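Here is the structure we will look at.
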Amino acid sequence: RLTLPDFLGIGSQKAGTTWLYENLRQHPQLYLPEVKEIHYFDWNFANFLSSYSRNFVDGVGRIKGEITPNYSTLSEKRIAFLQEILPDLRLIALFRNPIDRAWSQAMMNLVTKTGRGIEDVADQEFLDHFRHDRSVHRGDYLSNLDRWERFFPSDQFFYGFFESISQRPRELLEEIFQFLGVSTDVEWNRFPYNQVIRPGESLHLPDRFRSVLERQYCEDIEKLYQRFGQAVSRWRVP
């Protein structure tokens with residue numbers, strides 16, 4: 001009897017989820033809350049489910065959803081709960097080269113959030129960040145997917161890739177609209193699909209860190225290539 005979401009954006013962090021949120025909010029048949037990341041199923045799970053449902057009451061009559069990238073790392077127990085209460089839930093996952101994702105997260109946490117320049121951050125801080133559990137778990141796409149796919153069938157997932165946001169943003173949105181069951185015949189001038197939403201630090205990944213991250217993720221990237229093929233071919237480490 002509660003008003004709950006019809007879809008969730010489950011990640012990945014630093015893979016374009018803010019762009020997705022801002023664009024989905026413009027669709028007249030979709031409803032997303034004013035706050036992008038509600039974090040109910042991870043950080044705020046101690047609260048009553050009814051408190052979570054209040055985020056969606058204004059969306060009655062529309063397809064409702066929310067986007068919290070950290071949901072990609074939810075435990076099996078939490079995902080099982082979601083499947084129990086929302087068996088028809090649709091799930092959107094965006095992926096970015098895990099090397100670039102790890103660098104972007106490190107820049108956000110060590111530079112942007114702290115107000116420091118990159119020259120003020122010791123190399124060891126970056127190295128420690130790359131190896132920290134939070135960064136590793138968020139970049140472990142296949143393990144995260146395995147947990148989700150144990151409880152939800154494949155036709156309830158949409159997989160998109162970061163490169164599509166710059167190369168074919170409108171087509172990507174049309175595919176997501178079709179997945180969610182809403183019209184693709186929209187007033188496209190309302191959608192910021194060609195805009196960079198909340199740009200982060202754009203400093204190029206230094207070679208000394210790239211080599212570290214390539215070693216860390218080269219095996220994972222090969223497994224992703226086996227899973228997704230051409231969509232991730234440019235991620236492969238030479």
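Since the structure is predicted, the reported quantities are computational estimates derived from the model, not experimental observations.
- Note that OG of S75 and CG of D42 are 10.0 Å apart. Values are rounded to the nearest 0.5 Å.
- For the residue pair T68 / E66, a side-chain donor-acceptor distance below 3.5 Å is found, with atom types taken as modelled.
- Atom CD of E219 has 12 or fewer neighbouring heavy atoms from other residues, nucleotides or ligands inside a 6.0 Å radius.
- Side chains of R215 and S211 form a contact here, defined as non-hydrogen atoms less than 4.5 Å apart.
- Shortest non-hydrogen contact noted between A15 and I165 is O-CD1, 3.9 Å.
- Cluster membership for L8 and V57, using ILVMFWY side-chain heavy atoms within less than 4.5 angstrom, is not shared.
- F45 carries R78 over the face of its six-membered ring, with the cationic atom under 6.0 Å from the centre and within 45° of the normal.
- Judged by distance alone, the side chain of H27 and the main-chain N or O of S183 form a donor-acceptor pair under 3.5 Å.
- A distance of 11.5 Å separates CG of N97 from OG of S104, quoted to the nearest 0.5 Å.
- Side chains of S164 and Q167: a donor-acceptor N/O pair is absent below 3.5 angstrom, by distance only.
- The side-chain heavy atoms of L86 and D6, taken from C-beta on, include no pair separated by under 4.5 Å.
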### Query
Taking it one step at a time, do F7 and L91 satisfy side-chain contact (heavy atoms from CB on, under 4.5 Å)?
CA-CA 6 Å; F7 71 92; L91 301 157; over 6 Å; no

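- The minimum heavy-atom distance between S135 and Y217, with the atom names listed, is O-OH, 3.9 Å.
- In plain terms, the two heavy atoms of P28 and R190 that are nearest each other are CD-NH1, 4.3 Å.
- In this structure, a donor-acceptor pair under 3.5 Å is present between the side chains of T18 and K36.
- Between E175 and R168 there is a salt bridge, with a side-chain nitrogen of the basic residue lying less than 4.0 Å from a carboxylate oxygen of the acidic one.
- Salt-bridge check for R236 with E214: failed, with every basic side-chain N at 4.0 Å or more from each acidic carboxylate O.
- A ring-ring contact (aromatic ring centres under 6.0 Å, His included) with Y40 is found for one member of F48, Y52, F81, F56 and no other, namely Y52.
- Between F177 and F179, a ring centre-to-centre spacing not shorter than 6.0 Å is recorded.
- Under a 4.0 Å N-O distance rule, the pair R150/E76 qualifies as a salt bridge.
- The closest side-chain heavy-atom distance from V232 to Y141 is not below 4.5 Å.
- The ring of F162 has its center no closer than 6.0 angstrom to the ring center of F95.
- E163 and W235 are linked by a side-chain donor-acceptor pair at a separation below 3.5 angstrom, with hydrogens and angles left out of the test.
- Between R208 and D123, at least one side-chain nitrogen of the basic residue sits less than 4.0 Å from a carboxylate oxygen of the acidic one, meeting the salt-bridge criterion.
- In terms of hydrophobic clustering, with Ile, Leu, Val, Met, Phe, Trp and Tyr side chains grouped at heavy-atom distances under 4.5 Å, V136 and L145 are assigned to different clusters.
- Looking only at atom types and distance, the side chain of H39 has no donor-acceptor partner in the side chain of N70 under 3.5 Å away.
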### Task
Report the C-alpha separation of N55 and Y31 in whole Å, then their side-chain angles, then the decisive distance to 0.1 Å, and conclude whether the side-chain contact (heavy atoms from CB on, under 4.5 Å) test is met.
CA-CA 10 Å; N55 290 285; Y31 177 82; over 6 Å; no

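- Considering only heavy atoms from C-beta on, L142 stays 4.5 Å or farther from D220 through its side chain.
- Here the side chains of W19 and P169 are in contact, with some heavy-atom distance below 4.5 Å.
- By the rule that hydrophobic residues join a cluster once side-chain heavy atoms approach within less than 4.5 Å of another member, L74 and I38 end up as members of one cluster.
- Between E125 and R116, at least one side-chain nitrogen of the basic residue sits less than 4.0 Å from a carboxylate oxygen of the acidic one, meeting the salt-bridge criterion.
- Side chain of E149 to backbone of F157: no donor-acceptor contact under 3.5 angstrom is found.
- Contact between F161 and A231 at its shortest, heavy atoms only, is CE1-CB, 3.7 Å.
- Taken from CD in Q26 to CG in N189, the straight-line distance is 10.5 Å, to the nearest 0.5 Å.
- When all heavy atoms are compared, the tightest approach of Y21 to P33 is OH-O, 2.6 Å.
- Aromatic rings of W103 and F209 (six-membered ring for Trp) have centroids within the 6.0 Å cut-off, being under it.
- Linking ILVMFWY side-chain heavy atoms closer than 4.5 Å, directly or via other members, places F41 and V35 in two distinct hydrophobic clusters.
- Residue R96 holds its CZ atom at 11.5 Å from CG of L94, rounded to the nearest 0.5 Å.
- Here the side chains of R210 and I99 are in contact, with some heavy-atom distance below 4.5 Å.
- For F130 against V212, the heavy-atom pair with the smallest separation is CD1-CG1, 4.4 Å.
- Atom CZ in R170 sits 9.0 Å away from atom OG1 in T184 (nearest 0.5 Å).
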### Message
Before you tell me yes or no, could you show the steps for I79 and F152 under side-chain contact (heavy atoms from CB on, under 4.5 Å), namely the whole-Å CA-CA distance, both residues' side-chain angles and the distance that decides it to 0.1 Å?
### Response
CA-CA 9 Å; I79 298 169; F152 290 93; 4.0 Å; yes

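- Ring geometry, Y193 versus W188: the interplanar angle exceeds 60°, so the pair is classed perpendicular (tilted spans 30 to 60°).
- Between the side chain of T114 and the backbone N or O of L110 there is at least one donor-acceptor pair closer than 3.5 Å.
- Checked by atom type and distance alone, the side chain of S53 pairs as donor or acceptor with a backbone atom of S50 at under 3.5 Å.
- Linking Ile, Leu, Val, Met, Phe, Trp and Tyr whenever their side-chain heavy atoms come within less than 4.5 Å leaves L49 and W43 in two separate clusters.
- The line from CG of L24 to CD1 of I63 is 12.0 Å long, rounded to the nearest 0.5 Å.
- Between the side chain of R147 and the main chain of S72, a donor-acceptor pair closer than 3.5 Å is present.
- Without hydrogens or angle criteria, D120 side chain to G117 main chain gives a donor-acceptor distance under 3.5 Å.
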### Query
How far apart are the C-alpha atoms of L32 and K64, what are their side-chain angles, what is the distance that settles it, and do they pass the side-chain contact (heavy atoms from CB on, under 4.5 Å) test?
CA-CA 6 Å; L32 290 88; K64 305 168 296 299; over 6 Å; no

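- Although no hydrogens or angles enter the test, the distance criterion places no donor-acceptor pair under 3.5 Å between the side chain of R138 and the main chain of P69.
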